Number of protein chains: 2
Amino acid sequence: MDIGIEHTKLITLRGSGLGIIDDGAISFSRGKITYVGKTGGLDTRELDVVMDGGGHVTMPGLVNAHTHTGLTILRGGAQDVPEIEWMNRALGPLAKHLKEGDQVLGSKLGVIEGLRSGITTFGEYAYNVNRLIREVYEPYNVRVAATETINEVVSDKTKMRPDQVYLLDSDRGNRSLDVTNELFDEYRNSDMVDILYGPQALDMVSVETLHSIRDCAIRERAKIHMHVAQGERERLQVRERYGSSTVKALDELDMLDEQLIAVHCHDTTEGERRLMVESGVSMVGCPSSIAMIDGMVPPVGNFLSMGGKVALGTDQAPGPGTHNMFREMRTISLLTKTLYRDPTLLPPWETLRLGCLGGAEVLGMDDRIGTLEEGKAADIITIDLSGPNLTPSVSRPFDSCIPNLVYSATGFEVDNVIINGEFVIRNGDFVNIDEEVVLEKARSRAVDIFSEAEKDWEEAGSLLVDMHRKGFI
Amino acid sequence: MDIGIEHTKLITLRGSGLGIIDDGAISFSRGKITYVGKTGGLDTRELDVVMDGGGHVTMPGLVNAHTHTGLTILRGGAQDVPEIEWMNRALGPLAKHLKEGDQVLGSKLGVIEGLRSGITTFGEYAYNVNRLIREVYEPYNVRVAATETINEVVSDKTKMRPDQVYLLDSDRGNRSLDVTNELFDEYRNSDMVDILYGPQALDMVSVETLHSIRDCAIRERAKIHMHVAQGERERLQVRERYGSSTVKALDELDMLDEQLIAVHCHDTTEGERRLMVESGVSMVGCPSSIAMIDGMVPPVGNFLSMGGKVALGTDQAPGPGTHNMFREMRTISLLTKTLYRDPTLLPPWETLRLGCLGGAEVLGMDDRIGTLEEGKAADIITIDLSGPNLTPSVSRPFDSCIPNLVYSATGFEVDNVIINGEFVIRNGDFVNIDEEVVLEKARSRAVDIFSEAEKDWEEAGSLLVDMHRKGFI
């Protein structure tokens with residue numbers, strides 16, 4: 001099927017501005033974009049379907065550069081607790097009751113939510129990520145940059161002082177590295193699946209494994225996707241093991257270069273961020289997640305001001321709540337403005353770029369996605385501007401839809417989602433995904449998981465338990 | 001019509017917790033709530049209609065305590081500029097081209113958006129507010145706490161140094177005060193319209209007018225709704241005129257008491273906030289607006305921690321973008337957590353109270369609205385939990401819908417809005433409001449306003465003009 005959309009407002013993200021084209025048109029064929037320009041220039045005679053894009057913005061699909069979608073099944077389960085409680089006392093007692101298959105169900109739920117709000121590429125980070133590729137991303141026809149978690153910790157962290165060094169088992173790391181290398185072989189010719197190397201964090205892998213990963217990544221010309229400087233627990237572990245900070249230790253380990261995608265980075269100094277930027281390291285900021293779990297703002301503004309490459313991600317649902325990149329764009333803009341007390345920071349034209357092209361660049365996929373241009377993959381979304389929250393959106397003397405998309409849209413105004421030239425959502429409905437079945441299964445299964453976790457949850461005694469007893473939750 | 005909703009999850013906001021009732025029911029008759037409790041206790045025999053509230057939360061309507069809805073017609077028009085440019089160089093050149101009737105059209109648009117996201121009471125602040133009462137709030141059957149702006153400034157502020165004292169014309173103030181007093185007479189017996197006194201800000205009215213207002217407010221036992229300490233321009237004016245800060249000057253003028261609703265308050269010291277709280281002053285925080293326009297966080301967290309009463313508001317659309325209290329609840333939670341680096345601050349149970357009962361208390365309406373209890377006005381909303389972003393929401397071991405409502409809802413999951421016992425939105429559709437007609441008129445009129453403003457907008461030369469030339473907007 002050769003398809004065209006005409007009479008739309010295109011945000012192409014080409015060139016130095018946003019590449020806005022009024023009364024624009026786009027067509028695609030066999031997964032690739034074949035025309036981007038004015039409606040008048042589109043030859044519709046060869047097209048099977050021509051859609052009217054009036055009252056809509058048409059732009060590249062959003063890139064959620066860092067996410068653990070499997071945990072979506074635990075949405076609403078862990079937030080508003082001290083950072084030190086979040087993992088072990090709030091999320092942990094629930095996650096402990098996840099069974100075989102829950103990760104897939106949670107991922108389906110998270111991906112459905114993300115698709116509905118215009119995400120076309122997910123930077124998935126998980127154990128057993130191949131199962132998600134096969135059971136979620138491939139059948140859903142969703143582009144994925146998949147990272148298999150490499151984590152060698154064998155200690156029971158809940159029973160240790162934070163500065164007691166974790167026991168690592170390098171066999172565990174090597175097995176996960178082998179799995180990753182097999183993924184490269186399996187998906188080498190895939191248009192839709194990219195593989196990244198995923199050492200979970202500096203405190204969770206050995207130096208030897210980290211260097212093996214680096215060597216593999218050089219061989220595969222692949223990215224290393226790693227949580228970096230994500231808080232106190234990591235800082236204490238790294239200090240005990242390396243006598244320095246995460247960034248300085250990574251520098252000494254010769255890990256700071258264009259290969260490295262550093263996620264979070266909120267526990268860094270300005271000097272360390274400069275070192276990362278100058279070394280070519282890119283970062284992913286997950287604003288809602290880090291605000292909710294750590295009470296901090298990811299240093300996206302600072303990284304950008306130094307010339308660094310930045311992408312945005314939703315991380316996981318328990319905590320930040322949603323997999324919605326429109327929400328993340330608005331959130332990072334507001335948080336950055338208030339962090340530096342400057343309302344001009346992270347304006348919508350900058351944030352929109354981060355949400356599309358920024359994600360593509362950081363994941364190393366900008367040769368194929370991130371902008372609307374001929375020859376690139378047809379990952380395209382349309383956004384209906386007709387709702388009360390996007391009204392009015394004018395084109396003169398400037399395009400007020402640009403601020404409206406970032407500050408007023410919910411994300412659910414997205415009504416067409418095209419990935420690699422195939423409609424995943426068409427006129428508001430999923431084409432090949434039975435959304436209701438997934439949601440009903442998730443609802444039903446979550447009732448069981450949360451109920452089964454009740455005793456562990458109460459015994460863990462997070463702040464939420466007390467709030468529940470007081471009738472607040 | 002006597003109506004009941006059964007098998008719903010009630011958030012009543014009664015008592016010290018959230019007053020959550022599982023498998024709850026509520027009924028109302030002649031505008032008043034007649035039953036709140038378990039479904040088993042509802043006598044449905046006397047009811048004309050019984051609705052199934054399964055899969056829904058039913059809670060009090062939200063109170064948007066401070067808003068200028070008329071400006072919604074300029075949505076997307078002014079943001080991402082330095083604070084000092086916002087009013088005079090970004091919004092001003094557009095607002096100058098508003099004509100008779102645009103305020104009403106903008107207000108209809110803003111109220112429609114607010115209703116769709118569950119707002120049942122608007123703290124409207126406008127010149128000629130009676131026109132909005134008559135042409136928007138009364139025909140739409142929406143509860144309003146209406147404030148007529150009292151502003152005596154006759155100087156052209158765009159042509160003055162910020163520290164040059166404005167010329168005031170007390171006749172102007174007296175006329176607006178007379179208008180306000182007439183509103184009290186007109187709406188004294190109204191269930192749906194409350195009137196407040198509205199000196200715009202300390203720098204914009206004379207001492208004499210302020211004291212006349214205070215005397216009138218004492219006579220009417222009414223609230224004084226005033227912008228307080230909203231930034232540099234006010235600070236410079238107040239320093240020139242009073243030799244002190246806004247809060248200290250208000251204290252010396254004997255204005256700090258339970259009558260005063262202080263909006264914004266971001267340019268205050270902790271000591272000044274303590275003085276306000278101890279004097280019984282309540283505050284309204286408009287988080288999206290102040291973050292967007294000033295790059296600051298309203299001191300809601302600090303005010304609450306001192307025991308002060310706090311409400312939330314959307315302010316206006318240009319800048320923050322939307323009239324959506326779900327969005328404001330999420331925004332103030334995230335901003336407060338990051339401001340104080342503490343993820344436990346402003347948890348959803350606290351924010352939900354601010355959005356309903358807090359607004360009612362600050363506006364002096366909590367005898368009638370803000371909670372679900374027998375005898376109170378039937379201002380009720382239902383929220384559909386079935387969408388992907390609110391799935392799952394479980395009830396055991398705790399109610400995960402509480403965090404989900406604040407952190408994951410967009411607001412547009414609201415599918416029934418009942419005000420004073422009448423359906424305004426029923427099953428997702430407006431009952432008596434022709435939404436499409438209003439939206440189309442707003443779209444069409446905005447195109448003209450923005451186009452007519454082009455020359456003035458370019459000449460004012462805000463940062464947006466430069467960004468437009470660079471193709472960003």
Side-chain angles (χ1 to χ4, degrees), chain A residues 17-18 20 75-77 79-83 109 112-113 116 291-297 321-322 331 334-335 337-338 341-344 347 349 388-389 391-394 396-400 402-404 407-408 410 412 439 442-443 446-447 450-451 454 457-458 463-464 468 470-473, chain B residues 17-18 20 75-77 79-83 109 112-113 116 291-297 321-322 331 334-335 337-338 341-344 347 349 388-389 391-394 396-400 402-404 407-408 410 412 439 442-443 446-447 450-451 454 457-458 463-464 468 470-473:
Chain A
L18 289 193
I20 301 166
R75 188 199 306 281
Q79 54 281 309
D80 305 296
V81 297
E83 188 269 334
L109 175 62
I112 282 173
E113 180 190 11
R116 279 228 168 270
M292 282 295 298
I293 298 168
D294 299 84
M296 291 184 74
V297 181
T322 55
T331 300
L334 262 65
L335 290 179
K337 288 172 194 299
T338 59
R341 291 206 173 184
D342 183 348
T344 68
W349 47 89
N389 55 317
T391 298
S393 288
V394 301
R396 239 184 100 182
F398 59 93
D399 279 299
S400 67
I402 303 300
N404 287 347
Y407 299 134
S408 308
T410 67
F412 294 116
L439 297 190
R443 256 174 236 129
V447 167
F450 278 78
S451 291
E454 182 157 5
W457 182 79
E458 287 187 346
L463 186 62
L464 290 181
H468 168 63
K470 289 180 174 160
F472 284 119
I473 190 168
Chain B
L18 289 193
I20 301 166
R75 189 199 306 281
Q79 53 281 310
D80 305 296
V81 297
E83 188 268 335
L109 174 62
I112 283 173
E113 181 190 11
R116 280 230 168 267
M292 282 295 297
I293 298 168
D294 299 83
M296 291 185 72
V297 181
T322 54
T331 300
L334 262 65
L335 290 178
K337 288 172 194 298
T338 58
R341 290 205 173 184
D342 183 348
T344 69
W349 46 89
N389 55 318
T391 298
S393 288
V394 301
R396 239 184 101 183
F398 60 92
D399 278 299
S400 67
I402 303 299
N404 287 347
Y407 300 134
S408 308
T410 67
F412 295 115
L439 297 189
R443 256 174 237 129
V447 167
F450 277 78
S451 290
E454 182 157 5
W457 182 78
E458 286 187 347
L463 185 62
L464 291 180
H468 168 63
K470 290 181 174 159
F472 284 120
I473 190 168

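Lettering of chains follows the sequences in order, A, B, ..., and the numbering in each one begins at 1. If you're wondering where the values come from, they're calculated on a predicted model, not measured in any experiment.
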#### Entry: Close side-chain approach of A/Ile473 and B/Trp349, heavy atoms under 4.5 Å
yes
### Message
Among A/Pro392, A/Ser400, A/Ser393, exactly one meets side chain to side chain contact (heavy atoms under 4.5 Å, CB included) together with B/Arg75. Which residue is that?
### Response
A/Pro392
### Query
Under a 4.5 Å heavy-atom cut-off, does chain B meet the side chain of A/Leu18, its backbone, both or neither?
both
### Query
When only pairs under 4.5 Å are counted, which of B/Ala446, B/Pro397, B/Gly76 shares the most heavy-atom pairs with chain A?
B/Pro397
### Query
Side chain, backbone, both or neither: which part of B/Pro343 has an atom under 4.5 Å from a heavy atom of chain A?
both
### Summary
If one checks every heavy atom of B/Ile293 against chain A at 4.5 Å, the contacting part turns out to be backbone
## Note on the structure
With chain B, the option among A/Ser408, A/Gly17, A/Ala442, A/Gly321 that has the most non-hydrogen atom pairs under 4.5 Å is A/Ser408
### Closest heavy-atom pair and its distance - A/Ala291, B/Thr338
CB-CG2, 3.6 Å
### Task
For B/Phe450, enumerate each residue passing the ring-ring contact (aromatic ring centres under 6.0 Å, His included) test, keeping only those at least two apart in sequence or located in another chain.
none
### Message
With rounding to the nearest 0.5 angstrom, report the CG to NE2 distance, A/Asp399 to B/His468.
### Response
8.0 Å
### Summary
Counting heavy-atom pairs under 4.5 angstrom with chain A, the leader among B/Lys470, B/Glu83, B/Met292 is B/Met292
### Task
Working to the nearest 0.5 Å, report the span between CZ of B/Phe472 and CD1 of A/Ile20.
9.5 Å
### Query
For the atom pair OH (B/Tyr407) and CD (A/Gln79), what is the distance rounded to the nearest 0.5 Å?
7.0 Å
#### Entry: A/Val447 side chain near B/Arg396 side chain, heavy-atom distance below 4.5 Å
no
### Message
On a heavy-atom basis, which atom in B/Thr391 and which in A/Leu439 lie closest, and how many Å separate them?
### Response
CG2-O, 3.8 Å
### When A/Pro82, A/Pro403, A/Ser451, A/Gly77 are compared by non-hydrogen pairs under 4.5 Å with chain B, the top option
A/Pro403
#### Entry: Residue, of B/Val394, B/Thr410, B/Ile402, B/Leu334, that accumulates the most heavy atom pairs under 4.5 Å with chain A
B/Val394
### Query
Going from CG on A/Leu109 to CG on B/Asn389, what distance comes out if it is rounded to the nearest 0.5 angstrom?
9.5 Å
#### Entry: Shortest non-hydrogen separation from A/Ile112 to B/Pro388 and the atoms involved
CG2-CB, 4.2 Å
### Summary
CG of B/Asp342 to CG of A/Asp80, rounded to nearest 0.5 Å, is 10.0 Å
